[in-house]
Engineer: 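My questions all concern the structure below.
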Amino acid sequence: MILVYSIHNSSRLRYIFDLIFVQLLGVHYGITSDRNYFNSYKGMKINYSLCRVGDEIFIYCEKLLFETDIKTQNITVGTYNEIKTLFSHGHSSDLSFDPFCAAFFLVSRYEEYLPFNADKHNRFPAEASILYRVNSLSVPVVNYYAEILHALIQSHYPDFNFPEKEYQCLLTYDIDMAFEFQQKGFVRNAAGIIRSLMRFDIHHITYRAQVLTGKKKDAFDTFDYQDNLSIQFSLQPIYFFLLGNRNPYDINLSWKNKRFRTLIRTISEKYQIGIHFSYASNENEKLMAEEMHRLEMISEKKILRNRQHFLKLSMPETYRRLLHYGIREDYTMGYPSQVGFRAGIASPFNFYDLAHETSTALVVYPFAVMDATLHYYLRLSPEQALQQTKQIIEEVKKVNGYFIFLAHNDLIGKDGPWKGWSENFEEVLRYMKN
């Protein structure tokens, strides 16, 4: 056990110690404000205060973990072992920054509680984040902070053996639109043909006709292909199904469609599933209960996982709603416009409700790369996208973290909108598994 001396104790302190010591480093800890007890303790110990006591590990503490309000923080950015650090300082300490405050600021999403200029979907933009501004969004800095602490403790207590951690990876699919043309009915297909005619897109009209007459397979129907990939690479993906009512941003098939329901049941018999809460549910939270009920009724499974459609996430309201409706795992934590680590971490963590100053039962699984980001936002070629994804995977492997990839059924097909990506997608799966 590591004994930590701190003049004060707080919910924020215990939360981040749980994350750093227990989850990331795999060691137990205790907290004491009794200096005499701390001095006489013979085991591993860290002094987390304003001044050194003896020859123990001393980490200068900033104020953030002992505050109870939410306000703009004056954060000094530094560098330690080539890793960008927050809450850097010039005090005499074994580290030139406060790793606990830095990790808490990022993982709690503190900056998303402060005023910001939202994007057109009222989301916190990647470009407003401190990690983007210091060019470290693609680095899981919180995991590195834990590694820095690991090395510091090991230097003082070389006989202590930390438990081994293993790199993990997970493939997830968002099923926003199960089929491009099939099962959409006469009216929607007719409207699509009219739009193609207005663009003089005869190729698209011909292709639609071939799909509807059974001469070609629907480009979005990649589900057999996905299943083959799961077998080939020994994957257990998680599927998130959009079952909201139709509106301009939620345009999947009706949840009543027989083929769509059969698809959901077939997939749920093999793989884990979750709800893809609709765009509209952000304005009307009662829709969450309806959409969850639909998926539970179709799959005959209790739904505990979610990813928000359009990655619409408002802190802390969205996570409070998820907890209210029984969701225990959320996979929304990531940016639509940039790859990398929104919370600065490549490991699951519990949502800390900063406004209520409490840790919750909701476990957040941050994804690092989304195919739609690579294609639609960054406009990368398939080859460029592969290289950038490999770089992110390498960063996660360095810290034995948890790499999560977000894929869409329409983008991975050979006849889908991203030509040439299919082969590179397979290479991503091979690389993330090796």
Side-chain angles (χ1 to χ4, degrees), residues 11-12 14-16 18-19 23 68-70 104 106-116 118 121-124 170 172 174-176 238-247 249-250 252 255 264 268 272-336 342-343 345 347-367 404 406:
S11 177
R12 294 181 182 186
R14 294 189 298 274
Y15 169 79
I16 205 62
D18 283 345
L19 177 64
Q23 183 176 336
T68 55
D69 54 354
I70 304 171
F104 181 82
L106 293 170
V107 173
S108 70
R109 303 310 303 127
Y110 196 105
E111 62 188 349
E112 298 191 35
Y113 288 78
L114 301 172
F116 61 87
H121 298 291
N122 202 32
R123 301 174 298 195
F124 180 82
L170 174 67
T172 64
D174 283 359
I175 311 303
D176 300 337
I238 300 177
Y239 284 80
F240 295 93
F241 291 100
L242 177 63
L243 297 177
N245 299 326
R246 182 170 169 76
N247 66 64
Y249 295 112
D250 304 313
N252 205 355
W255 65 276
I264 293 172
S268 68
Q272 295 180 335
I273 64 170
I275 188 68
H276 199 28
F277 277 131
S278 67
Y279 189 100
S281 71
N282 287 273
E283 307 301 326
N284 181 1
E285 68 176 89
K286 292 181 180 179
L287 293 175
M288 287 183 164
E290 293 180 18
E291 293 168 19
M292 277 186 67
H293 175 69
R294 291 169 183 175
L295 186 55
E296 289 180 339
M297 181 179 61
I298 294 169
S299 67
E300 298 182 346
K301 293 182 181 295
K302 179 68 175 175
I303 300 303
L304 301 172
R305 302 175 189 86
N306 162 72
R307 181 180 282 131
Q308 296 292 111
H309 193 31
F310 272 71
L311 304 180
K312 282 180 66 67
L313 178 59
S314 299
M315 302 294 291
E317 293 81 10
T318 301
Y319 281 162
R320 287 179 181 170
R321 292 172 185 170
L322 297 182
L323 283 164
H324 176 74
Y325 288 107
I327 296 295
R328 289 297 175 264
E329 296 178 6
D330 182 71
Y331 294 77
T332 310
M333 185 60 68
Y335 290 119
R342 180 170 178 167
I345 188 170
S347 300
F349 60 94
N350 288 80
F351 160 57
Y352 187 88
D353 190 327
L354 195 57
H356 287 170
E357 292 295 355
T358 184
S359 181
T360 72
L362 181 67
V363 180
V364 178
Y365 286 79
F367 72 88
I404 300 178
L406 196 172

Engineer: So Tyr331 and Phe240, would you call those rings parallel, tilted or perpendicular, with 30° and 60° as cut-offs?
Structural biologist: tilted
Engineer: Output the distance between atom OG (Ser359) and atom CG (Asp18), rounded to the nearest 0.5 Å.
Structural biologist: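 If we round to the nearest 0.5 Å, Ser359:OG and Asp18:CG are 7.0 Å apart.
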Engineer: Would you name the heavy atoms of Asp250 and Ser278 that are closest together and state the gap between them?
Structural biologist: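 In this case the closest contact between Asp250 and Ser278 is OD2-CB, 3.3 Å.
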Engineer: Is it true that atom NE2 of His121 has more than 12 heavy atoms of other residues, nucleotides or ligands lying nearer than 6.0 Å?
Structural biologist: yes
Engineer: Indicate yes or no for a side-chain donor-acceptor contact from Asp330 to the backbone of Val364 under 3.5 Å, with no hydrogens or angles considered.
Structural biologist: no
Engineer: So which heavy atom on Phe277 is nearest to which on Ile327, and how close?
Structural biologist: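 Smallest heavy-atom distance, with atoms named: CE1-CG1, 4.1 Å.
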Engineer: Taking all non-hydrogen atoms of both residues, which atom of Ala343 and which atom of Leu106 are closest, and how far apart?
Structural biologist: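 Minimum heavy-atom contact is O-CB, 3.5 Å.
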Engineer: Are Ile273 and Ile238 packed together at the side-chain level, in the sense that at least one heavy-atom pair is separated by less than 4.5 angstrom?
Structural biologist: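 No, every pair of side-chain atoms sits at 4.5 Å or beyond.
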Engineer: How long is the span from the OH atom in Tyr365 to the CG atom in Leu362, to the nearest 0.5 Å?
Structural biologist: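 It comes to 10.0 Å.
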Engineer: Looking only at non-hydrogen atoms, find the nearest pair between Ser347 and Gln23 and report the distance.
Structural biologist: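 The answer is CB-NE2, 4.0 Å.
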Engineer: Would you call Lys286 and Glu291 a salt bridge, using N to O less than 4.0 angstrom?
Structural biologist: no
Engineer: Please work out whether the ring planes of His309 and His276 are parallel, tilted or perpendicular, with thresholds of 30° and 60°.
Structural biologist: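 Because their plane-to-plane angle is over 60°, the rings of His309 and His276 count as perpendicular.
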Engineer: Can you check whether Asp176's main-chain N or O pairs, donor with acceptor, with Asp174's side chain at less than 3.5 Å?
Structural biologist: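 Here the side-chain-to-backbone pair does not exist.
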Engineer: Is the distance between the ring centroids of Tyr352 and Phe104 less than 6.0 Å?
Structural biologist: yes
Engineer: Is the shortest side-chain N to carboxylate O distance from Arg294 to Glu290 below 4.0 Å?
Structural biologist: yes
Engineer: Measure the shortest side-chain to side-chain distance between Leu243 and Asn252 over non-hydrogen atoms and say whether it is less than 4.5 angstrom.
Structural biologist: no
Engineer: Examine Arg307 relative to Phe367 and say whether NZ or CZ is less than 6.0 Å from the centre of the six-membered ring and inside a 45° cone about the ring axis.
Structural biologist: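 Yes.
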Engineer: Do Phe241 and Ser299 come within less than 4.5 Å of each other through their side chains, counting heavy atoms only?
Structural biologist: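 Side chain of Phe241 against side chain of Ser299, heavy atoms only: no contact under 4.5 Å found.
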Engineer: Show your working on side chain to side chain contact (heavy atoms under 4.5 Å, CB included) between Ile175 and Tyr239 and close with a plain yes or no.
Structural biologist: CA-CA 7 Å; Ile175 311 303; Tyr239 284 80; 4.0 Å; yes
Engineer: Hey, does Trp255 have a side-chain heavy atom less than 4.5 Å from the side chain of Met297?
Structural biologist: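 Yes - at least one pair of side-chain heavy atoms lies under 4.5 Å apart.
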Engineer: Restricting to non-hydrogen atoms, name the atom on Asn350 and the atom on Tyr15 that form the minimum distance, rounded to 0.1 Å.
Structural biologist: O-OH, 2.5 Å
Engineer: Within the 4.5 Å heavy-atom criterion, are Gln272 and Lys301 side-chain neighbours or not?
Structural biologist: no
Engineer: Just wondering, do Asn306 and Glu329 contact through their side chains at under 4.5 Å, heavy atoms?
Structural biologist: no
Engineer: Do you know which two heavy atoms are closest between Ser11 and Glu357, and how far apart they sit?
Structural biologist: OG-O, 3.2 Å
Engineer: Is the shortest side-chain heavy-atom distance between Leu313 and Arg342 below 4.5 Å?
Structural biologist: yes
